[in-house]
Each structure stands twice: as structure tokens, then as C-alpha cells.
K.L.:
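I'd like to ask you about the structure that follows.
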Amino acid sequence: MTNASQVVVIGGGQAGLAAGYHLRRLGVDFVILDGQSTPGGAWQHTWDSLHLFSPAAYSSLPGRLMPPQPGETYPDASHVVAYLADYEKRYDLPVQRGALVQAVQRDGPFLRIQADIGTWQVRAVISATGTWTRPFLPAVPGREVFQGRQLHTVGYRRPGDFAGQRVIVVGGGNSGAQIAADLALAGDVQVTWATRRPPRFLADDIDGRALFDVATARRRALDEGRTDTGGVTSLGDIVAVPPVRAARDAGLLTVKPMFSRLTSGGASWADGSHAGADAVIWCTGFRPVLAHLTPLNLRGRRGHIATHGTRALGEPRLHLLGYGDWTGPASATLIGVGRTARDAARQIRDLVR
Ligand code: FAD
């Protein structure tokens, strides 16, 4: 049986919910299909100690401020999951769970969505599938010979899993810094933090609020044909959230350049040095989850789909939301996705009415 709706939103994380909020306000008939069985998107799977890099009020989706978490300036992931679950209920968003979408195909004037619970024929699609389920690991020599444990950010939970071990954390971004700090502060893990270039911490008083302002100002400058202000990467790579600051200031973060290869028992550097390791944690980023869009044949540079704002250039009935700045300034953040969701919903309303 083919289900009818004007629009399908694929993915029921924060980006999909923000899209749902705006579609509902505009009176568009839609359904959100989410592959997971419970609300919260990727926030359900992060490590135990993860905290947002902005206070609650600056981590809000459209329409409803995130309430503060008692005792925490920067809420933890469980608070975000609870907020998203409540948001979905409050706005009565039609989310179908356990609905993994396999393919989106052109079907004359429609797009056909093939999910494992059924088929939909729709006038437009918003893809908001995030990045969490597509971790990226770089090709580093020796990865296959290393005898210890290797995991990506997505597999890390807590320092207790590495008690008494020697761990190399790879990656100079926020995940690498936070996981290295988490392990170092535990006191019984020997941590080496390997980064391609020396870690660049943002000033201690800069958090997600300031980053959002900078990203927005940059997008405005580019849109108006003014000089590129450099965006957030011109300021640094790592938000000095309290645990990162604590580990750094206590001298607990042992930073080394990136190693040149893994060996069976550790890692070797270009200068001939070697460090034994029981585990390597690859905090080396993610790629957008776009496999379901393969039949549309839209993938271009760096695996991204070319867009104008959120709209796919090669398929005007498809919008992309939340994957990164290429789909709108700060579109992959809680505070940033609302505006791009609104723009996408308005264009879709105009298309389907
Ligand atoms: P997701 O949360 O990943 O949601 C996508 C949903 O789509 C998931 O439920 C997934 O199961 C589903 N899905 C995927 N494929 C399919 C399919 N084919 N069919 C159906 N469903 C599918 N942002 C902030 O604003 N503040 C922060 O402090 C912050 N910290 C972060 C820390 C880390 C470690 C990471 C990785 C990101 C952080 N972010 C932060 C960025 C961002 O807010 C999160 O990555 C957020 O989860 C992205 O939301 P999303 O809705 O785009 O994707």
C-alpha cells in the first residue's frame, strides 16, 4: 500500500522536528519518518559526560525555549533528549518511529519514499538524517595491524571502560578534546592526545552563543557579496567547556602531533618515537547520512549535494537540513536549525499548494 502525505521529513532528530514545527504552522500535510524506536536523534547515543557547549536558552528549537537543567549551566545529553521528546509531544508532531527510509526516487510529479514500514508518494521531501550513523575514519597506515581496541567517537561511553589503560585519542576538534579531557580527569587512564596541528582553543569566554553569532554574520557577509569574515574557524577549533578547561589548566592533556602509523602495540611518530597503547579512539568526524538519496544521483563535491540554501540544485522537491553549514549557517546546531527549517518549510509550502 502507498501512503499519502504532501511531504515526508526523513529523520526525527532536532532538524526533523524543527522542520515539522514550521510545516505544521504553515498548514502543510506531512509525516516524519525516523529510523529509531525512541525520540532524541543522535543525543541518545553520546558519551555519558557530554554537555552542550551553550546554555539551555541558547540551545532551543523554534517555539519553545529549552528549560535550564537544575545545577548545570551547560545541559547534558539526557536533558536534550528529554527536551526533544517533550517538543515532539507538545506540538503533536506526526513522527513514525522504526521507519528507516531506504530510498527516495523520482516518480513523475512525485517523489517515492521507500521505507521498511511502507511506501509514500509525496510532492516534497526534507532529508534531516544527520551524521551520527556515518562516522569517518582516516586511512592511517597500520590500522589493520594494531592489536588493541579501536573505536570511533560514536563508540565511546565513559572513562571507566579504559581504567588502567594507555589510550591515544586522535583528533583536534571538540569531540577529541572532550574525550581526552574525560579520560585524563578520571586519573587512572594514561592519555595521549594526537592532533594534526596544535589544538586551537577558543577564548574561555566564547561558547556556542558567540559561535552562532559569528556563523550568522559570515553567512550575511557572503550573501551580500562582502569580504569573507572567516567564520568560526578563524577563532579556533575547540570550545573550552569546563572539563576541557579543567584538564588543560591542570596540565593533564598530553598533546602530540599526529602519529605516522599504528604498530601492533601502539603508534610511531615521524621523529622515531613510539608509544604503547591499549586503545585508540578516533575522534575524526562524520559524514552526512545520504545513502537513501542515492537514486536521485545528486552527490557532488566531497559527497555533499549542491544546494541553494536548503534546496537541492538538481532536485527542487528535495531540501536538506542540519548536516552542516552547507545547508545553512549553523544548521547542524540546536539554535541554528530553526531558521533554515523555516526557510525550507516556506519554500515547500509554496511548492505544494
Ligand atoms: P540526528 O540527531 O542524528 O537525527 C537524525 C535522525 O535521523 C536520527 O534519529 C536517525 O536515526 C534518523 N535517520 C538517519 N537515517 C535515516 C533514514 N534513512 N531513515 C529514517 N531515519 C533516519 N549542537 C549544538 O547545538 N550544541 C552542542 O553542544 C552540540 N554538541 C555536539 C557534540 C557532538 C559530539 C556532536 C557529534 C554534535 C554536537 N552538536 C551540537 C551538533 C548537533 O546538534 C548534533 O549533531 C545533532 O544531533 C544533529 O541533529 P540532526 O537532527 O541533524 O541529526
Side-chain angles (χ1 to χ4, degrees), residues 8-20 31-61 66 73-77 79-81 83-85 87-88 95-104 113-117 120 125-136 152-154 156 171 173-179 182 207-209 211-212 215 238-239 241 283-294 310 320-325 327-328 330-338 340-341:
V8 158
V9 177
I10 307 173
Q14 64 198 37
L17 299 189
V31 63
I32 300 173
L33 303 179
D34 187 57
Q36 303 194 73
S37 53
T38 47
W43 295 106
Q44 300 170 78
H45 309 293
T46 61
W47 60 94
D48 294 353
S49 70
L50 176 71
H51 283 67
L52 293 180
F53 49 67
S54 310
Y58 294 87
S59 305
S60 301
L61 294 181
M66 181 186 286
T73 306
Y74 299 95
D76 66 20
H79 190 70
V80 184
V81 172
Y83 168 72
L84 294 178
Y87 187 90
E88 187 173 315
V95 186
Q96 294 220 16
R97 300 225 174 264
L100 191 69
V101 172
Q102 269 100 31
V104 179
I113 317 299
Q114 191 67 52
D116 49 11
I117 59 159
W120 276 257
V125 167
I126 294 181
S127 185
T129 46
T131 57
W132 187 260
T133 50
R134 207 170 149 221
F136 172 75
H152 184 268
T153 309
V154 299
Y156 176 72
N174 285 299
S175 303
Q178 289 188 31
I179 290 176
D182 200 32
D207 62 18
R209 287 172 283 199
L211 295 181
F212 177 67
I238 299 163
V239 181
V241 291
C283 301
T284 40
F286 299 85
R287 296 290 182 263
V289 176
L290 299 173
H292 54 292
L293 302 176
T294 305
T310 57
L320 294 132
L321 212 54
Y323 300 101
D325 281 349
T327 60
S331 180
T333 64
L334 283 152
I335 194 177
V337 73
T340 43

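Both ligands and their constituent atoms are indexed starting at 1 by order of listing.
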K.L.:
Among Val289, Thr129, Val239, Thr153, which residue places a heavy atom closest to atom 16 (C) of ligand 1?
P.N.:
Thr129
K.L.:
Measure the distance from atom 51 (O) of ligand 1 to every protein heavy atom, then report the residue, atom name and distance (to 0.1 Å) of the closest one.
P.N.:
Ala15 N, 3.0 Å
K.L.:
Would you say His51 has any N or O atom under 3.5 Å from an N or O of ligand 1, going by distance alone?
P.N.:
no
K.L.:
Quick check on Ser54 - does any of its heavy atoms sit under 4.0 Å from an atom of ligand 1?
P.N.:
no
K.L.:
Please check this pair: side chain of Gln178 against backbone of Ser175, looking for a donor-acceptor N/O pair closer than 3.5 Å.
P.N.:
no
K.L.:
For ligand 1, is there an atom lying under 4.0 Å from some heavy atom of Ser59?
P.N.:
no
K.L.:
Does any N/O atom on Ala332 come nearer than 3.5 Å to any N/O atom on ligand 1?
P.N.:
yes
K.L.:
Is a side-chain N or O of Ser59 found less than 3.5 angstrom from the main chain of Leu334, in a donor-acceptor match?
P.N.:
no
K.L.:
Any side-chain heavy atom of Pro39 sitting closer than 4.5 Å to one from Arg97?
P.N.:
yes
K.L.:
Looking at Leu52, which atoms of ligand 1 are within less than 4.0 Å of one of its heavy atoms?
P.N.:
26 (N), 27 (C), 28 (O)
K.L.:
Checking a contact table here: which protein heavy atom is nearest atom 50 (P) of ligand 1, and how many Å away?
P.N.:
Gln14 CG, 3.9 Å
K.L.:
Just so I know, are the side chains of Thr327 and Thr340 near enough to count as touching, which here means a heavy-atom distance under 4.5 Å?
P.N.:
no
K.L.:
Can an N or O of Gln36 be found at a distance shorter than 3.5 Å from an N or O of ligand 1?
P.N.:
yes
K.L.:
Test of understanding: with ring pair (Phe, Tyr, Trp, His ring centres under 6.0 Å), list the residues that count as partners of His292, not counting sequence neighbours.
P.N.:
none
K.L.:
Under 3.5 Å, side chain of Thr131 to main-chain N/O of Pro288, donor-acceptor pair present?
P.N.:
no
K.L.:
Among all protein non-hydrogen atoms, which one is nearest to atom 21 (N) of ligand 1, and what is the separation to 0.1 Å?
P.N.:
Gly35 N, 2.9 Å
K.L.:
Examine Gly16 against ligand 1 and note whether any of their N/O atoms are separated by less than 3.5 Å.
P.N.:
no
K.L.:
Would you check if Leu84 and Val80 make a side-chain contact, meaning some heavy-atom pair closer than 4.5 Å?
P.N.:
yes
K.L.:
Suppose I only count heavy atoms of Ala99 and a 4.0 Å limit; which atoms of ligand 1 are within that range?
P.N.:
19 (N), 20 (C)
K.L.:
Name the closest protein heavy atom to atom 27 (C) of ligand 1, giving the residue it belongs to and the distance to 0.1 Å.
P.N.:
Phe53 CE2, 3.3 Å
K.L.:
If you measure from each non-hydrogen atom of Trp43 to ligand 1, which part falls under 4.0 Å: side chain, backbone, both or neither?
P.N.:
side chain
K.L.:
With heavy atoms of Gly322 as the reference, note each atom of ligand 1 found under 4.0 Å away.
P.N.:
52 (O)
K.L.:
Please confirm whether the backbone N or O of Gly11 pairs with a side-chain atom of Thr129, one donor and one acceptor, at under 3.5 Å?
P.N.:
no
K.L.:
Please work out which of the three classes, parallel, tilted or perpendicular, describes the rings of Phe286 and His152, given edges at 30° and 60°.
P.N.:
perpendicular
K.L.:
Test your reading of the model: is there a side-chain donor-acceptor pair from Asp34 to the backbone of Val95, 3.5 Å cut-off?
P.N.:
no
K.L.:
Just to confirm my output: which protein heavy-atom neighbour is closest to atom 19 (N) of ligand 1, and how far is it?
P.N.:
Val101 N, 2.8 Å
K.L.:
Do Trp47 and Thr153 touch side chain to side chain, with heavy atoms closer than 4.5 Å?
P.N.:
yes
K.L.:
Would a distance-only check, ignoring hydrogens and angles, find a side-chain to backbone donor-acceptor pair under 3.5 Å from Asp325 to Ala330?
P.N.:
yes
K.L.:
Please list, in number order, the atoms of ligand 1 under 4.0 Å from a heavy atom of Ala128.
P.N.:
5 (C), 7 (O)
K.L.:
Would you say Trp47 touches ligand 1, if touching means a heavy atom closer than 4.0 Å?
P.N.:
yes
K.L.:
Are the side chain of Tyr87 and the backbone N or O of Gln14 linked by a donor-acceptor pair below 3.5 Å?
P.N.:
no
K.L.:
Test side chain to side chain contact (heavy atoms under 4.5 Å, CB included) on Thr310 and Leu320 and set out the steps.
P.N.:
CA-CA 5 Å; Thr310 57; Leu320 294 132; 5.6 Å; no
K.L.:
Please list the nearest protein heavy atom to atom 53 (O) of ligand 1 with its residue and the distance rounded to 0.1 Å.
P.N.:
Gly130 CA, 3.4 Å
K.L.:
What's the separation between atom CZ in Arg134 and atom OH in Tyr323, rounded to the nearest 0.5 Å?
P.N.:
11.0 Å
K.L.:
Report yes or no: does a heavy atom of Leu100 sit under 4.0 Å from some atom of ligand 1?
P.N.:
yes
K.L.:
Please list, in number order, the atoms of ligand 1 under 4.0 Å from a heavy atom of Ser175.
P.N.:
34 (C)
K.L.:
Checking a contact table here: which protein heavy atom is nearest atom 35 (C) of ligand 1, and how many Å away?
P.N.:
Trp132 CZ3, 4.8 Å
K.L.:
Short list, please: which atoms of ligand 1 are under 4.0 Å from a heavy atom of Leu33?
P.N.:
20 (C), 21 (N)
K.L.:
Starting from atom 4 (O) of ligand 1, which protein heavy atom do you reach first, and at what distance in Å?
P.N.:
Gly13 CA, 3.5 Å
K.L.:
Does Ala42, backbone or side chain, put an N or O under 3.5 Å from an N or O of ligand 1?
P.N.:
yes
K.L.:
Can you tell me if Ile10 has a non-hydrogen atom under 4.0 Å from ligand 1?
P.N.:
yes
